[in-house]
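Okay, structure first, notes after.
Numbers for residues simply follow the sequence, beginning at 1. Below, all heavy atoms of this structure are taken into account, side chains as well, without hydrogens, waters or symmetry copies. These numbers were taken from a predicted model, which means no experiment stands behind them.
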Amino acid sequence: MTLEERDGWTALLVSGELDLVTSPTVREHVHAVVADGRRALVLDLSEVRFCDSSGIGVLVATRRLMRSCAGRLRLVLPAQGAPDGSHVNRVLAALGLRRLFDVYPDLLTAADESASPLSA
């Protein structure tokens with residue numbers, strides 16, 4: 001997991017698995033970003049190859065946290081990240097949660113204020 005600043009957005013790049021073991025670390029990083037006063041967060045999940053209910057819970061909790069502090073949250077979930085698309089994107093869609101998030105195809109687009117999110 002790495003943090004990156006891009007055009008006023010703080011990007012947290014997550015890779016590998018977003019599950020019971022790794023979700024607490026993601027949550028800690030998100031809380032640290034907010035505690036530092038940053039209110040524009042991009043979670044780049046383009047390199048996440050597996051996500052379970054713990055990971056989905058972190059995404060929903062992050063959305064709630066960002067909304068509570070008048071912050072903004074964007075997700076990077078490329079449609080073509082895996083052979084048949086982003087795993088996280090498929091899980092969110094299957095649960096009916098995809099529409100809750102502003103999703104972008106890549107980090108560059110997510111950090112662009114003039115860019116529109118992908119449709120759900």
Donor-acceptor pairs under 3.5 Å, side chain of residues 53-64 to any protein atom, not counting sequence neighbours: which ones?
{"unit_1": "Thr62", "atom_1": "OG1", "unit_2": "Val58", "atom_2": "O", "d": "2.8"}
{"unit_1": "Arg63", "atom_1": "NE", "unit_2": "Leu100", "atom_2": "O", "d": "2.8"}

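- Both Phe101 and Leu95 sit in one connected hydrophobic cluster of ILVMFWY residues. Membership requires side-chain heavy atoms under 4.5 Å apart, directly or through other members.
- Annotation for Leu18 and Leu45: closest pair CD2-CD2, 4.5 Å, computed over non-hydrogen atoms.
- Annotation: the span from Ser119 atom OG to Arg98 atom CZ amounts to 7.0 Å, rounded to 0.5 Å.
- Applying the side chain to side chain contact (heavy atoms under 4.5 Å, CB included) criterion to Pro117, with sequence neighbours excluded, gives Asp102, Tyr104.
- Connection of Leu97 to Val14 is established within a shared hydrophobic cluster, with ILVMFWY side chains joined at heavy-atom distances below 4.5 Å, either directly or through further cluster members.
- Residues passing the side chain to side chain contact (heavy atoms under 4.5 Å, CB included) test with Ser15 are Glu47, sequence neighbours excluded.
- Residues Leu65 and Ser68 come closest through the heavy atom pair O-OG, 2.7 Å.
- Placement of Val103 and Trp9 in two distinct hydrophobic clusters is found when ILVMFWY residues are connected by side-chain heavy-atom separations under 4.5 Å, directly or transitively.
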side-chain contact (heavy atoms from CB on, under 4.5 Å) for Val34 and Met66? Distances and angles first, verdict last.
CA-CA 8 Å; Val34 172; Met66 296 309 291; 3.6 Å; yes
Val88 and Val91: side-chain contact (heavy atoms from CB on, under 4.5 Å), yes or no, with the steps?
CA-CA 5 Å; Val88 180; Val91 172; 5.7 Å; no
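- A single hydrophobic cluster is seen to contain both Val48 and Val26, as judged by linkage of ILVMFWY side chains at heavy-atom distances under 4.5 Å, directly or through other members.
- In terms of hydrophobic clustering, with Ile, Leu, Val, Met, Phe, Trp and Tyr side chains grouped at heavy-atom distances under 4.5 Å, Leu20 and Leu43 are assigned to different clusters.
- Counting non-hydrogen atoms of neighbouring residues, nucleotides and ligands closer than 6.0 angstrom, the CZ atom of Arg72 exceeds 12 such neighbours.
- Side-chain contact check for Thr109 and Asp112: no donor-acceptor pair (N or O, by modelled atom type) lies under 3.5 Å.
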Go through the steps to decide whether Leu92 and Leu75 satisfy the test side-chain contact (heavy atoms from CB on, under 4.5 Å), and finish with yes or no.
CA-CA 12 Å; Leu92 287 173; Leu75 303 183; 4.2 Å; yes
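- In terms of the side chain to side chain contact (heavy atoms under 4.5 Å, CB included) criterion, residue partners of Glu5 (sequence neighbours excluded) are, by chain and number, Thr10, Arg38.
- Legend: ring pair (Phe, Tyr, Trp, His ring centres under 6.0 Å) pairs involving residues 35-68, not counting sequence neighbours, sorted by first then second residue: Phe50-His87.
- For Arg6, the side chain to side chain contact (heavy atoms under 4.5 Å, CB included) test picks out Glu4, Leu107, Leu108, Ala111, with sequence neighbours left out.
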